[in-house]
Amino acid sequence: MIRPEVDLSVTLGRIAMKNPIATASGCSGYGEELARFFDLSLLGAFVTKSITLKPREGHPPPRLTETRAGMLNAIGLANVGVETFLAEKLPALEAFRVPVIVNVAGSTREEYVEVAAALDAAPAVAGIELNVSCPNVKEGGMEFGVEARTLAGLVEAVRQKVSRATLIVKLSPNVTDIAATARAAAEAGADALSLINTLRGMAVDGWTGRPALTNVTGGLSGPAIKPVALYMVRRVWQEVAGPRGVPILGLGGVQFVEDVLEFLRAGATAVAVGTANFVDPETAPKLVEGLREALGRLGCGSPRDMVGAMDLPK
Amino acid sequence: MANEETTRSVDAVRPRRLDLPVVARHPLGHGFLRLSLDAPPDWLSLPGQFINVLCESDMAALAASEGRDAEVEADWPRATGIELIRRWPVVRRPFSVSRVGTMADVASPGRVAHEVGRMRLEILVRAVGTGSRFLHSRPVGSLLNAVGPLGNHFAPPQDDRLCILVGGGCGVAPIFGLADHLADLGKPCLCFFGAKDAGDMPVTYRRTPEPTGSRIAPTEVVEEFAEDDIPAVLATEDGSAGFRGMVTDALEAYLRDAWKGEPLALFGCGPTAMLKALGAVAARHGLPCQMSLERFMGCGIGVCLSCAAKRRDPSSEKGWTYRLTCRDGPVVDAADMIWD
């Protein structure tokens, strides 16, 4: 078989990615940490940890524990705040010559808007990803991303202040129907959707009764959540993203080239690597090369041709 | 190499992911095992730095170490050989580099035939959980997947003051390498080692250590320090070897009875309770003290933020900030610590 020349490039909103592999928020720091292991420009995009208006110390440790085939974390959005991020972290990231997507978190709609506006004004920011799994302090602590109307209100407000950067909404899997929140985000002006964020979970020592995390509950990530992520990507692609042409950044337990192929087939345009970075910081660049070979083997010239391509039972 | 030059070179080293062959195993009793690992010739690290070890080797390495055919999935190259689904523990485990040197000059009991030009790292592993028991099971010739060198390191004093090295339990690991390093720099050293009882000490005795009750008696019984003639004060909780009591009580007694007030530098590594007590001793006597912290780590490279520990920070409103043990540590100035 003559293998076609593989062109790995994809487009996520207005972000031209040289390949569909990105890092996942919260698992890749500010870039400088992983850059000690590989050249970040090999990536399709780099997604930062969550940035908030003011610096945050995060939750008291322990903040992370292992679970079967996964990890549970409650870091508490520890970050330097948008001002320091723009002044110190962004210039360093820019030097790596990789499209930068900045994840944004907040506890009020106004906070999200202020941070997003400041980031939109920085040309080095290619994309803004909204972490909508944060409690809305003005509305009784309910997460922004669980109820379609609240989510739409947030995305609309941010959209008004974000005119240049690609606006991505990172959907929470802790919902009754992910298509409903995906639709709300798309209608409110999201350029792209990323899914899934972590699943809410808990770990407790059965002998002592002590929770593994100070915060008691945390977000479950890693291979344990991959089937849930694949299902949700598929559903959102079928119901919302596909019909509207809104691309999906898929994530949740990606570790191997097979995982990337699976996410593409489910409907993702690009794929992010999270938990696997902790065990092997070089996972993402290896996936880029692995994907090139896999697509060649499949006789597929571009990952774009794989998006949504499942061989369903007749 | 001059001290400053070494420090600059080490600080410029990028951590790597390496498969390190086990070249020797030295069981020390009480669940302690000293593992000697063969490292690349250009390995450079200073005492206090650590490696983050995968406690279940990747499938190929595991197969190779067990003499099986590693080519089971040869037709399909995986992006990474580490399969999280089949692994427990999921994340790596950090180990202080206990000693480092060329194969020829790491003088440790049970030394194996060596190849000149190779580097040898030693880690100290106490069997406490799944990960450490896995490491205990690794035979000579098997590979350990490690990321390193990581973290910061102890800073030797600029002058020739006496360096007092205090270790407890498995925390004595970096003390050996620190003693080697300080001795190489010509700094005088005295070690204090604490354990529950005489057998619980992860050292090799040249002869049976004697109980000394409430007396502080530096001895030469520790084989690991023989080459550099570094005296060690042993402290055991049951009094079966050396001072009866906690190692920090032994240090306090030494400072009270033998110290004339000349400049000293304290260095410590051990359980949190010991470090806290050591910090208090240092503060009471106005002595500088560096200590290596132990924390659970998700990544060891500064991205997961799970190993945060409180440190004094006058520039912060609260007076403290969380700093990462893997990146802004593991070595800290005792005076900066806030113990919760």
Side-chain angles (χ1 to χ4, degrees), chain A residues 23 26-30 32-37 49 55 57-71 73-79 213 222-224 226 253-260 273 275-291 293-294 297, chain B residues 12-17 52-56 58 73 75-93 129-131 145 147 149-150 295-311 313 315-318 320-327 340:
Chain A
T23 56
C27 301
S28 323
Y30 296 110
E32 59 207 7
E33 301 88 353
L34 286 184
R36 296 204 292 169
F37 293 91
K49 63 200 310 325
E57 287 292 340
H59 293 315
R63 299 170 163 186
L64 190 146
T65 189
E66 297 160 297
T67 60
R68 298 288 166 196
M71 252 171 22
N73 86 82
I75 305 299
L77 302 176
N79 80 100
L213 305 174
K226 194 183 77 169
V254 172
Q255 192 187 5
F256 298 125
V257 176
E258 288 94 328
D259 302 327
V260 178
V273 186
T275 303
N277 289 334
F278 294 177
V279 182
D280 181 2
E282 293 158 36
T283 303
K286 286 179 190 164
L287 287 178
V288 174
E289 276 326 295
L291 182 62
E293 193 196 320
R297 201 182 265 228
Chain B
V13 168
R14 280 183 176 208
R16 285 175 282 177
R17 198 190 125 186
N52 212 7
V53 183
L54 201 64
C55 286
E56 192 174 306
D58 64 57
E73 288 174 335
D75 64 325
W76 179 240
R78 294 250 168 185
T80 145
I82 305 157
E83 185 148 11
L84 291 181
I85 286 181
R86 291 189 214 152
R87 297 192 60 253
W88 188 264
V90 175
V91 299
R92 293 169 184 268
R93 292 290 185 261
T130 319
N145 189 276
V147 172
L150 296 167
R295 288 291 186 282
F296 178 80
M297 291 180 187
C299 72
I301 59 172
V303 300
C304 81
L305 314 184
S306 64
C307 59
K310 270 185 195 172
R311 304 236 204 122
D313 181 1
S315 72
S316 147
E317 267 176 40
K318 304 175 293 295
W320 59 268
T321 47
Y322 279 126
R323 304 290 298 278
L324 299 184
T325 304
C326 71
R327 190 190 58 200
D340 280 326

Please report the closest heavy-atom contact between L150(B) and R36(A), naming both atoms and the distance. CD2-NH2, 4.1 Å

Nearest-0.5 Å distance that lies between atom CG in L34(A) and atom SG in C299(B): 8.5 Å

Charged N to carboxylate O under 4.0 angstrom, K310(B) versus E57(A)? no

Heavy-atom pair of closest approach, residues S306(B) and P61(A): O-CB, 4.3 Å

Compare every heavy atom of G298(B) with every heavy atom of F278(A), then report the nearest pair and how far apart it is. CB-O, 3.5 Å

Quick one: do Y322(B) and R63(A) satisfy side chain to side chain contact (heavy atoms under 4.5 Å, CB included)? Show the steps, please. CA-CA 12 Å; Y322(B) 279 126; R63(A) 299 170 163 186; 3.2 Å; yes

Within the distance-only criterion (no hydrogens, no angle test), does the side chain of E33(A) pair as donor or acceptor with the backbone N or O of I301(B) below 3.5 angstrom? no

Considering only heavy atoms, which portion of L324(B) lies under 4.5 Å from any heavy atom of chain A: side chain, backbone, both, or neither? neither

Does a side-chain N-to-carboxylate-O contact under 4.0 Å join E32(A) and R14(B)? no

Side chain, backbone, both or neither of R295(B) within contact of chain A (heavy atoms, under 4.5 Å): neither

Tell me, with the steps shown, if K49(A) and V303(B) meet side chain to side chain contact (heavy atoms under 4.5 Å, CB included). CA-CA 9 Å; K49(A) 63 200 310 325; V303(B) 300; over 6 Å; no

Applying a strict 4.5 Å limit to non-hydrogen atoms, the region of F296(B) in contact with chain A is side chain

Note: V91(B) and V279(A) closest approach over all heavy atoms is CA-CG2, 4.3 Å

P281(A) backbone acceptor or donor facing R17(B) side chain under 3.5 Å: no

Do E66(A) and R93(B) pass the salt bridge (charged side-chain N to carboxylate O under 4.0 Å, His left out) test, and can you show the C-alpha distance, the side-chain angles, and the key distance before you say yes or no? CA-CA 12 Å; E66(A) 297 160 297; R93(B) 292 290 185 261; 2.7 Å; yes

Please tell me if the side chains of L64(A) and C304(B) come closer than 4.5 Å, counting only heavy atoms from C-beta onward. yes

Checking heavy atoms, do the side chain of A284(A), its backbone, both or neither come under 4.5 Å from chain B? neither

Please state whether the side chain, the backbone, both or neither of P60(A) comes within less than 4.5 Å of a heavy atom of chain B. both

